[in-house]
Amino acid sequence: MILGLLLVAVLAAGFSVAVVQMQSAIAAYIGGQSAWSRAQLAAIHHLDAYAETGHTDALERAQDWLAVPLGGLDARRAMEASPVDSAAARDGLLRGLNHPDDIGHLIWLFRLFSGSPIFQGAVETWQESDAYLLELVTLAEQLEREWQADDPSMAEIARLRVSLGEVNRSLAPLTEDFRRAMTDASRAMRRILSLFSVAFLLTMGLIAGLLGWRLSLAITSAERKFRVTFEQAAVGMTQVDDKGYLIDVNQALCGILRYPKEALLGMHYRDLVYPEDWDIGRQQRAEMLAGTINSYTLEQRFLCHEGDTVWVKLTVSRMSADTSSAPLYVVIIEDVSESRRLSVELNYQATHDVLTGLPNRRAFERSLAEALRQARTEDSTHALCFIDLDQFKIVNDTSGHIAGDQLLRQTAELLLSRLRDGDLLARLGGDEFAVILEDCDIEKACQVTEKLRAIVAETPFSWEGALYTPGCSIGVVPITSASSDTGSLLRTADIACYLAKEQGRNRVHLLQEDDRQLAEQRGEMEWLGRIRSALAEQRIFLDAQRLVCLARPDSLRYEVLVRLIDEDGKVIPPGNFLPAAERFGAAHQIDRWVIEHVCEQLAAHPQHLARLEACHINLSGRSFDHEDFHDFVVKTWITMQCRRGSSASRSPRRQR
């Protein structure tokens with residue numbers, strides 16, 4: 001009997017030590033998760049920077065940071081293997097920035113309890129993050145291949161950046177779920193220990209002295225181990241009494257707040273909180289004091305010793321399960337200043353133009369939707385303006401892209417100087433800007449946009465001795481409760497800006513959504529889309545019209561005409577689609593298609609070419625505006641000659 005009781009006492013002591021070791025391992029897992037979380041966010045930040053710039057150093061930094069959570073992934077898989085690969089698990093945990101002294105506890109906890117209900121939720125959450133980590137690796141490889149390609153696709157890079165944001169948003173809740181699951185496991189283990197102690201005291205009443213001695217040894221050892229873990233934890237930790245005073249702190253917390261330990265002990269928790277953030281978590285604190293919740297997590301600013309602030313993430317848990325005594329609280333404090341800074345920076349980069357610092361197209365479209373909502377709900381009137389620089393291409397071509405970038409920055413500053421408070425200026429891309437004039441009727445909008453046009457036209461741009469006088473064309477559209485949708489507003493403003501350019505540039509053009517001119521312009525823009533589809537789908541063909549010379553009726557000459565087949569298979573004459581192609585800059589694509597196919601047909605029929613006296617091709621004057629047009633024609637003709645071999649021929653004459 002005595003031997004059995006002693007065995008029970010030994011088992012109880014061993015159980016107590018194991019629980020403390022488990023608490024130590026849990027704290028180590030929480031610390032490791034903090035390092036993995038920061039590394040994930042830093043990796044995503046540098047991958048986003050690499051996607052934006054293509055700089056290899058950003059990719060290298062991203063891969064270095066990504067190695068941290070991947071080390072944790074490799075370690076877990078090694079611990080899940082049968083048999084356990086301890087060497088691989090230790091190597092992965094070291095790469096995951098875990099303290100070497102904690103690695104044995106980490107492996108021990110996972111091997112013995114990963115399948116238990118207490119820790120199963122945390123393990124499943126950890127496993128769920130694998131796919132997103134591996135997706136980050138895949139995205140990094142795809143970005144590297146794209147940037148190393150001869151002609152990187154900006155559209156593909158933009159899609160990969162969106163995927164980065166989605167992975168970031170998917171990992172964030174998993175990180176929080178893992179931290180919460182480990183905190184719940186810690187609390188559950190404390191309750192188990194309390195219940196076991198009660199049962200043990202009832203059973204061991206007759207040998208309380210002997211059992212007390214053994215328990216004293218176990219508790220002393222456990223406290224020593226807990227103290228080591230508490231002091232060496234990578235995150236700040238403190239114990240707080242029921243009055244809110246700090247009764248114990250570790251060195252990590254002293255480093256975060258830059259206070260000596262003696263100064264923190266006895267300090268009230270509220271004295272560390274930034275005054276404006278004290279109301280954060282008020283409801284959670286009240287619920288914990290009432291006993292309705294046992295833990296909560298929040299972010300707020302803490303005051304450091306020098307008076308500056310640091311953003312921290314707090315996880316507050318009740319330590320005492322005995323409601324008859326005053327409760328104690330353990331607070332885990334993690335410095336998240338850098339992660340918040342990176343998050344703010346990523347959000348800024350996602351909504352602002354890097355060159356000018358103005359809101360980008362995505363942010364502008366959200367603001368436009370809000371302006372339209374206000375117009376409908378408040379019956380207010382605003383104005384949408386599209387601004388396009390008239391001399392930007394000349395500056396870019398003659399002075400280079402750096403000069404063009406400086407011109408864009410100068411234009412942004414000039415436009416901002418003439419806008420009112422509440423108006424929004426954005427850069428949509430290239431040399432295109434857009435403005436939302438808030439609470440502005442159309443008459444006032446025309447006055448404001450005329451001032452914008454004037455300040456751009458009257459401010460010369462100087463670059464390395466060259467002086468330019470840029471102007472801008474502005475399209476204005478009212479935003480009213482009758483406006484259909486944001487897409488229609490954007491298209492209308494774009495057309496209004498185009499009409500301002502077509503009517504002589506450096507002017508303001510007002511266009512209503514029901515304007516007849518707008519209807520005509522939209523019709524021509526629809527033709528532009530049909531032309532591009534026809535070119536892509538090879539629904540354009542050549543037609544020849546014989547030209548007869550009365551003096552030499554037997555001579556062979558003809559004029560080549562182009563025809564378009566619509567989506568229903570009907571033949572469309574050139575008079576229906578060529579004006580739109582001329583107006584919107586697609587005529588040169590048709591001309592080049594015609595030249596290529598005429599030369600291809602002539603090269604394929606050398607006997608016909610030998611009899612041919614002249615082949616006339618009608619070309620758009622816009623084609624001659626392209627600097628490479630002459631080289632294109634010569635190259636196409638030489639290619640045809642090479643296909644013919646050495647047979648003699650007479651060159652077909654071109655007619656403009």
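Computed from a predicted structure; not experimentally measured. For the numbers below, each heavy atom of this structure counts, side chains included, while hydrogens, waters and symmetry mates do not. One-based numbering along the sequence shown.
Taking every heavy atom of both residues into account, S163 and L139 meet most closely at CB-CD2, 3.8 Å. What you find for L136 and L47 is that their closest heavy atoms are O-CD1, 4.1 Å. Scanning both residues, A89 and M79, for their nearest heavy atoms gives CB-CG, 3.6 Å. Here the shortest heavy-atom pairing between V249 and C254 reads CG2-SG, 4.1 Å. Closest of all the heavy-atom pairs between H55 and Y50 is O-CD1, 3.0 Å. Minimum heavy-atom separation, A426 to P359: CB-O, 3.2 Å.
For the 3.5 Å distance criterion, the side chains of Q142 and E146 fail to qualify, holding no donor opposite an acceptor.
In this structure, W278 and R270 have side chains that are in contact, with non-hydrogen atoms separated by less than 4.5 Å. I333 is not listed as a side-chain neighbour of T315, based on a closest heavy-atom distance of 4.5 Å or more. Contact annotation: the side chain of L289 approaches that of Y329 to within less than 4.5 Å [non-hydrogen atoms, C-beta and beyond]. D439 places a side-chain heavy atom less than 4.5 Å from the side chain of H382. In this structure the side chain of R366 reaches within 4.5 angstrom of the side chain of R362, judged on heavy atoms.
In terms of modelled atom types and a separation under 3.5 Å, the side chain of D423 and the main chain of V435 share no donor-acceptor contact. When atom types are taken as modelled, the side chain of T292 and the backbone of E287 share a donor-acceptor pair closer than 3.5 angstrom. Although no hydrogens or angles enter the test, the distance criterion places a donor-acceptor pair under 3.5 Å between the side chain of N250 and the main chain of M237. Judged by distance alone, with hydrogens and angles left aside, the side-chain atoms of R285 form a donor-acceptor pair with the main-chain N or O of I280 at under 3.5 Å. A donor-acceptor distance shorter than 3.5 angstrom exists from the side chain of R318 to the backbone of M288, with no hydrogens or angles considered. Looking at H45, its side chain never comes within 3.5 Å of a backbone N or O of L41 through a donor-acceptor pair. In this structure a side-chain-to-backbone donor-acceptor pair under 3.5 Å is present from T238 to D248.
Test L253, T309, V312 against F302 for side chain to side chain contact (heavy atoms under 4.5 Å, CB included) and you get one pass: V312. Tested against F364, the residues T351, L358, L428, L425 include a single side chain to side chain contact (heavy atoms under 4.5 Å, CB included) partner, L428.
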Going through the checks in order, is the side-chain contact (heavy atoms from CB on, under 4.5 Å) test met by L328 and I247?
-> CA-CA 10 Å; L328 296 178; I247 59 177; 3.9 Å; yes

Please walk me through it: do K313 and D335 pass salt bridge (Lys or Arg N to Asp or Glu O under 4.0 Å)?
-> CA-CA 7 Å; K313 175 175 285 186; D335 184 353; over 6 Å; no

Stepwise, does the side-chain contact (heavy atoms from CB on, under 4.5 Å) test hold for L246 with L272?
-> CA-CA 10 Å; L246 280 61; L272 293 172; 3.9 Å; yes

Full working for side-chain contact (heavy atoms from CB on, under 4.5 Å) between D48 and L346 = CA-CA 8 Å; D48 186 75; L346 285 172; 3.7 Å; yes

When you look at V273 and L303, which way does the side-chain contact (heavy atoms from CB on, under 4.5 Å) test go after all the steps?
-> CA-CA 6 Å; V273 178; L303 293 169; over 6 Å; no

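The residues R77 and D74 are annotated as not salt-bridged, no charged nitrogen and carboxylate oxygen being separated by less than 4.0 angstrom. Ion pairing between R420 and E438 fails under the 4.0 Å rule for side-chain N and carboxylate O. Salt-bridge annotation for R361 and E365: present, with a side-chain N of the basic residue lying under 4.0 Å from a carboxylate O of the acidic one.
The distance from atom CG of L143 to atom CD of E52, rounded to the nearest 0.5 Å, is 12.0 Å. The distance from atom CG of D241 to atom NZ of K243, rounded to the nearest 0.5 Å, is 8.0 Å. One distance of note links OG of S295 with CD1 of I332; it measures 9.5 Å at 0.5 Å rounding. Atom CD1 of I436 is separated from atom OG of S367 by 5.5 Å, given to the nearest 0.5 angstrom. R90 CZ to D85 CG: the interatomic distance, rounded to the nearest 0.5 Å, is 12.0 Å. Put simply, CH2 on W311 and CG on D277 are 5.0 Å apart, with the number rounded to the nearest 0.5 Å.
More than 12 non-hydrogen atoms from other residues, nucleotides or ligands lie less than 6.0 angstrom from CZ of R373. Around atom OH of Y245, no more than 12 heavy atoms belonging to other residues, nucleotides or ligands sit under 6.0 Å away.
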Solution key, residues 56-67 side-chain donor-acceptor pairs under 3.5 Å, sequence neighbours excluded:
none

